[in-house]
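One structure is given below, encoded as structure tokens.
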Number of protein chains: 2
Amino acid sequence: MRELRVVGGPPPERADAAQNRRRIVRAAAELIARHGPEAVSMDEVARAAGVGVGTVYRRFGDRARLVYAVIDDRERGFQDAFIHGPPPLGPGAPAAERLRAFLHALADRTEAQADLLVMAESGPPDARFRDGSYALYHRHLAMLLGRIRPGADAAYLADALLAPLAANLFLYQRRTRGMPLGRVKAGLDALIAGLIPGLNRTDHDPSGEGL
Amino acid sequence: MRELRVVGGPPPERADAAQNRRRIVRAAAELIARHGPEAVSMDEVARAAGVGVGTVYRRFGDRARLVYAVIDDRERGFQDAFIHGPPPLGPGAPAAERLRAFLHALADRTEAQADLLVMAESGPPDARFRDGSYALYHRHLAMLLGRIRPGADAAYLADALLAPLAANLFLYQRRTRGMPLGRVKAGLDALIAGLIPGLNRTDHDPSGEGL
DNA sequence: AGCATAACTGGAGTATTCTCCGGATACAAC
DNA sequence: GTTGTATCCGGAGAATACTCCAGTTATGCT
């Protein structure tokens with residue numbers, strides 16, 4: 001009995017190709033960890049992985065996608081913390097609380113991966129959006145917003161709330177403007193306060209954490 | 001009687017250098033208009049301007065700054081429409097109305113210059129922020145926000161309201177997601193509605209323009 | 001006018017991303 | 001096992017952003 005391929009699905013990846021992919025990602029991650037994200041060229045990655053540079057491009061298409069593959073490797077845990085994990089990030093808490101918790105968690109992730117993210121978001125202008133994780137965050141945010149404000153344009157607002165966490169702006173605020181991380185989170189709170197019925201009259205930090 | 005240079009100011013630009021700068025910007029603008037922004041290499045610009053490529057880099061530092069120079073050339077009018085122009089964009093209208101008008105005008109500008117802006121915002125990650133116009137928009141927005149919500153973090157919120165109008169996101173929404181321009185503006189209205197006391201309870205378009 | 005010097009010029013050179021395609025190879029069918 | 005073929009491999013090559021520096025020129029001072 002032979003298993004049939006899903007109609008229209010992509011052809012399965014050959015075993016050697018899959019192994020090469022893993023080797024490339026691992027080599028890239030190690031080089032980045034050792035020399036910093038900017039100092040690592042595609043040729044070096046290819047050599048360290050023991051493959052030709054053509055293979056790297058065949059697997060990943062461009063530099064941005066390779067870097068995203070490294071990032072995804074690091075944050076698989078975060079990716080389902082807000083889907084399956086415990087409240088307030090995961091299901092169980094009110095949507096407004098989940099929204100806030102999600103943005104804070106995303107700020108923490110951006111802080112942790114900032115250099116890698118900046119590198120990934122350079123390159124093609126749509127690099128950030130075509131990556132699977134952006135779509136995931138967008139869907140999640142749109143779902144929460146849809147519950148909080150049924151009449152609003154959740155798809156637009158999801159993009160608009162993700163935009164201030166673009167790595168280039170985030171890093172500019174943190175490094176050049178010198179804003180502490182807590183101030184960024186408090187600013188995000190102020191931004192969403194207006195979108196949450198019942199909170200829009202106060203400028204106080206609802207959690208009492210201060211900045 | 002000799003005129004003294006302002007202490008600490010940059011040395012004045014030599015006459016031939018100023019002429020070369022104008023020739024470079026003009027050549028770049030013409031090449032971009034003819035072949036599209038992506039098809040223009042720095043070497044071509046240099047040749048068309050009749051200078052060496054080293055001169056282009058001496059004047060502008062990198063590709064992003066050259067493109068911003070071309071953009072600035074095109075929108076000098078817009079730059080003071082919201083500073084000296086008539087209401088609701090310029091002074092005279094309530095701050096909340098000016099805020100809304102400004103974001104709409106900025107959306108129109110982003111629409112008009114989208115390809116150029118995308119090109120300019122590629123390159124160094126902080127390309128967008130170090131350009132003079134970003135600082136101008138940021139100051140203006142922070143000033144308006146400071147009047148509307150004295151207690152809020154105007155500097156952060158100004159960045160956050162500029163973020164959804166980053167060219168790469170804007171173009172992705174317009175072209176890939178297929179959002180009409182009016183929907184972007186309506187979404188921005190929804191975003192700021194929460195920041196403006198008294199408007200935060202309605203999802204209606206306050207202007208009645210629809211989308 | 002002549003001179004000293006700081007600024008400018010331009011093109012060869014470097015580094016890097018990404019493309020292309022002839023040859024090798026894994027996998028399926030028999 | 002053998003064979004056919006779709007997929008994959010890898011390095012040479014093209015394109016291009018940016019650097020460097022030896023020679024030139026504008027500018028201010030005397």
Open item on the list: Just the rounded figure in Å: distance from P of dC18(D) to CG of L66(B).
Closed with: 10 Å

Task: Protein-nucleotide distance (E38(A), atom CD; dA15(C), atom P), rounded to Å - done: 17 Å

- [ ] Remember a base hit wins even if backbone is also touched, and classify R59(A) as base, sugar-phosphate or nothing at under 4.0 Å, heavy atoms.
- [x] sugar-phosphate

TODO: Establish, from distance only, whether the side-chain atoms of S41(A) and D43(A) form a donor-acceptor pair under 3.5 Å.
DONE: no

- [ ] Send over the distance from R47(A) CZ to dA12(D) C1', rounded to a whole Å.
- [x] 16 Å

Open item on the list: I'd like to check the side-chain contact (heavy atoms from CB on, under 4.5 Å) partners of A105(B); sequence neighbours left out, ordered by chain and number.
Closed with: F78(B), L89(B)

TODO: State which residues pass side chain to side chain donor-acceptor pair (under 3.5 Å) with D108(B); sequence neighbours excluded, sorted by chain then number.
DONE: K185(B)

Task: side chain to side chain donor-acceptor pair (under 3.5 Å) against R58(A), all qualifying residues, sequence neighbours excluded - done: none

- [ ] Using atom CE of M119(B) as one end and atom P of dA17(D) as the other, report the distance to the nearest whole Å.
- [x] 8 Å

TODO: On DNA chain C, check which nucleotide each of V51(B) and A39(A) is closest to and give me the residue with the more 5' one.
DONE: V51(B)

Task: N20(B) side-chain N/O to dC8(C) phosphate OP1/OP2 under 4.0 Å - done: no

Open item on the list: Are more than 12 heavy atoms, taken from residues, nucleotides or ligands other than R177(A), located less than 6.0 Å from that residue's CZ atom?
Closed with: yes

Kindly give the atom pairs (protein nitrogen or oxygen, nucleotide nitrogen or oxygen) under 3.5 Å for nucleotides 25-27 of chain C.
| from | atom 1 | to | atom 2 | distance (Å) |
| --- | --- | --- | --- | --- |
| dA26(C) | O4' | R14(A) | NH2 | 3.4 |
| dC27(C) | OP1 | A15(A) | N | 3.0 |

Task: Rounded distance (nearest 0.5 Å) linking atom CD1 of I32(A) with atom CG of D115(A) - done: 10.0 Å

Open item on the list: Tell me whether E75(B) at atom CD has more than 12 heavy atoms from other residues, nucleotides or ligands lying less than 6.0 Å away.
Closed with: yes

TODO: Any chance you could list the contact pattern along nucleotides 17-23 of chain C? Use B for base contacts, S for sugar-phosphate-only contacts and - for none, protein heavy atoms under 4.0 Å, 5' to 3'.
DONE: BBB----

Open item on the list: I'd like to check the side chain to side chain donor-acceptor pair (under 3.5 Å) partners of T176(A); sequence neighbours left out, ordered by chain and number.
Closed with: none

